[in-house]
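Notes follow once the structure below has been shown.
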Amino acid sequence: MKRTRPLKRKPKRSEPKHREPEAVDPRSIDDDPVVQGILTAISQKRLKPGAKLGEDKLAAAFGTTRIHIRQALSHLASRKVVMQIPNRGAFVYRPSWEEAQDIFAARRIIETAAVSAAVDRLDKAGKAELKAHMEREARHDRNDRWASLSLTAEFHILVAKLAGNRVLLEMSRELMLRTSLAIATFEQPGEPDCSPDAHPDIGALILARDKAGAVHAMRHHIEEMEQRIRPKDGEDEVDELTAIFQEIGARARAGG
């Protein structure tokens, strides 16, 4: 009898596994250069509330794609920094007068708690960091408006950092940004910025571990900031997007 060779079975083709799309990590998108560029322009009051954020112009300004821009704008909308209107596009969020008042009320509560905790937790490293920032503010040229706005916001964020509470720090960062929108919307022309004068006093009181004094100084400082805003009507002129982002040197990573 002839031996029959066993038939070779053709290997089954493995069907490609369906992969679920990976969820975007909100922590990584917060570091995205487009997100950071828009946040910087808003915090420095270069992008005004109500400004239209055209996808084509933003893509050209950052050297990236419209898909990338759309993802960044959606994320910023979730943070209430951008407002997306169907069939119209995305705009820098414009707070109402009532919301602006609520922002400063929240700051009084959160930042007085932060400065109190900062005094309690102040250590050698914290003292050095606070002194270094105060020296930077003292040396800074006040005529450099954009850098001044960044420095003054950094002081408040540093105080929240010294408090040692990550949730409080995140809330403080959000409030700094929303304060920029409130001031840009309702600030009266010619109102002076009291921050460069108030910060040295608050910092010195923290370094001296004078909790009651530091809390009082912080509350007074926030009340002075609130006095710079008044309800008003009308639209301000909007700066050209490309020029804004060229000036702050914002650029998306290649292939974004």
Side-chain angles (χ1 to χ4, degrees), residues 39-40 42-45 79-81 95 97-140 142 144-188 191-230:
L39 291 178
T40 299
I42 290 172
S43 66
Q44 293 183 353
K45 303 187 185 75
R79 292 180 58 179
K80 213 170 182 181
V81 175
W97 172 245
E98 291 74 18
E99 189 174 356
Q101 292 177 301
D102 286 346
I103 288 167
F104 282 101
R107 284 193 65 172
R108 280 192 292 274
I109 296 167
I110 289 171
E111 293 201 59
T112 52
V115 78
S116 175
V119 171
D120 288 338
R121 295 178 57 89
L122 193 65
D123 56 15
K124 187 175 180 181
K127 283 183 178 180
E129 196 171 0
L130 181 56
K131 285 179 180 177
H133 182 87
M134 291 169 65
E135 287 171 6
R136 283 175 60 209
E137 283 203 26
R139 292 194 308 267
H140 178 66
R142 294 192 186 186
D144 187 348
R145 179 188 175 196
W146 309 124
S148 294
L149 290 168
S150 295
L151 267 178
T152 54
E154 285 170 14
F155 174 82
H156 290 269
I157 291 169
L158 174 57
V159 171
K161 178 184 173 185
L162 295 175
N165 185 312
R166 285 181 294 178
V167 174
L168 189 148
L169 177 58
E170 289 173 6
M171 293 173 71
S172 295
R173 285 185 172 132
E174 289 297 311
L175 280 171
M176 292 306 105
L177 191 59
R178 295 179 71 175
T179 298
S180 295
L181 291 170
I183 290 177
T185 303
F186 298 108
E187 185 177 34
Q188 298 300 301
E191 284 289 335
D193 182 2
C194 59
S195 299
D197 299 318
H199 291 178
D201 291 341
I202 297 169
L205 289 164
I206 294 172
L207 292 170
R209 294 185 181 277
D210 182 349
K211 185 189 292 190
V215 167
H216 174 77
M218 180 65 84
R219 184 182 293 111
H220 179 68
H221 174 40
I222 294 168
E223 288 169 352
E224 281 190 324
M225 282 192 287
E226 188 175 8
Q227 289 172 7
R228 291 163 56 188
I229 64 172
R230 296 286 187 279

Original post:
Step by step, would you call Arg79 with Arg178 a side-chain contact (heavy atoms from CB on, under 4.5 Å)?
Top reply: CA-CA 10 Å; Arg79 292 180 58 179; Arg178 295 179 71 175; over 6 Å; no
Original post:
Given the rule in the salt bridge (Lys or Arg N to Asp or Glu O under 4.0 Å) test, do Glu187 and Arg230 qualify, once you have shown the distances and angles that lead to the verdict?
Top reply: CA-CA 6 Å; Glu187 185 177 34; Arg230 296 286 187 279; over 6 Å; no
Original post:
What do the steps show when you test Lys161 against Glu129 for salt bridge (Lys or Arg N to Asp or Glu O under 4.0 Å), and what is the final call?
Top reply: CA-CA 10 Å; Lys161 178 184 173 185; Glu129 196 171 0; 2.8 Å; yes
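A salt bridge between Glu226 and Arg107 is absent, with no side-chain N of the basic residue lying under 4.0 Å from a carboxylate O of the acidic one. Between Arg173 and Glu154, none of the side-chain N atoms (NZ, or NE/NH1/NH2) sits under 4.0 Å from a carboxylate O, so this pair counts as no salt bridge.
We find the CG-OG distance between Leu158 and Ser172 to be 11.0 Å, quoted to the nearest 0.5 Å. Separating the CZ atom in Arg108 from the CG atom in Leu175 is a distance of 12.0 Å, to the nearest 0.5 Å. The distance from the CD1 atom of Ile157 to the OG atom of Ser150 is 9.5 Å, given to the nearest 0.5 Å. Rounded to the nearest 0.5 Å, atoms CD (Glu224) and CZ (Phe104) are 12.0 Å apart. Once rounded to the nearest 0.5 Å, the distance linking CD1 of Ile110 with CD of Glu174 reads 10.5 Å. The CG atom of Leu130 lies 4.5 Å from the CG atom of Leu207; values are rounded to the nearest 0.5 Å.
Between His156 and His199, the ring centre distance stays below 6.0 Å.
Between Ile229 and Trp97, the closest side-chain pair of non-hydrogen atoms falls below 4.5 Å. Within the 4.5 Å cutoff, the side chain of Asn165 has no heavy atoms near those of the Leu169 side chain. In this structure, Arg136 and His133 have side chains that are in contact, with non-hydrogen atoms separated by less than 4.5 Å.
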Table please: side-chain donor-acceptor pairs of residues 209-219 below 3.5 Å, with sequence neighbours left out.
unit_1 : atom_1 : unit_2 : atom_2 : d
Arg209 : NH1    : Val119 : O      : 2.9
Arg209 : NH2    : Leu122 : O      : 2.5
Asp210 : OD1    : Gly213 : N      : 2.9
Lys211 : NZ     : Asp120 : OD1    : 2.9
Lys211 : NZ     : Asp120 : OD2    : 3.1

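For the residue pair Arg121 and Leu162, the shortest heavy atom distance occurs at CB-O, 3.8 Å. Contact record, Ser43 with Ser180: O-OG, 3.3 Å, taken as the closest heavy-atom pair. Contact record, Thr185 with Pro95: OG1-CD, 3.5 Å, taken as the closest heavy-atom pair.
Every residue was checked against the side chain to side chain contact (heavy atoms under 4.5 Å, CB included) condition with Ile109, not counting sequence neighbours, and none meets it.
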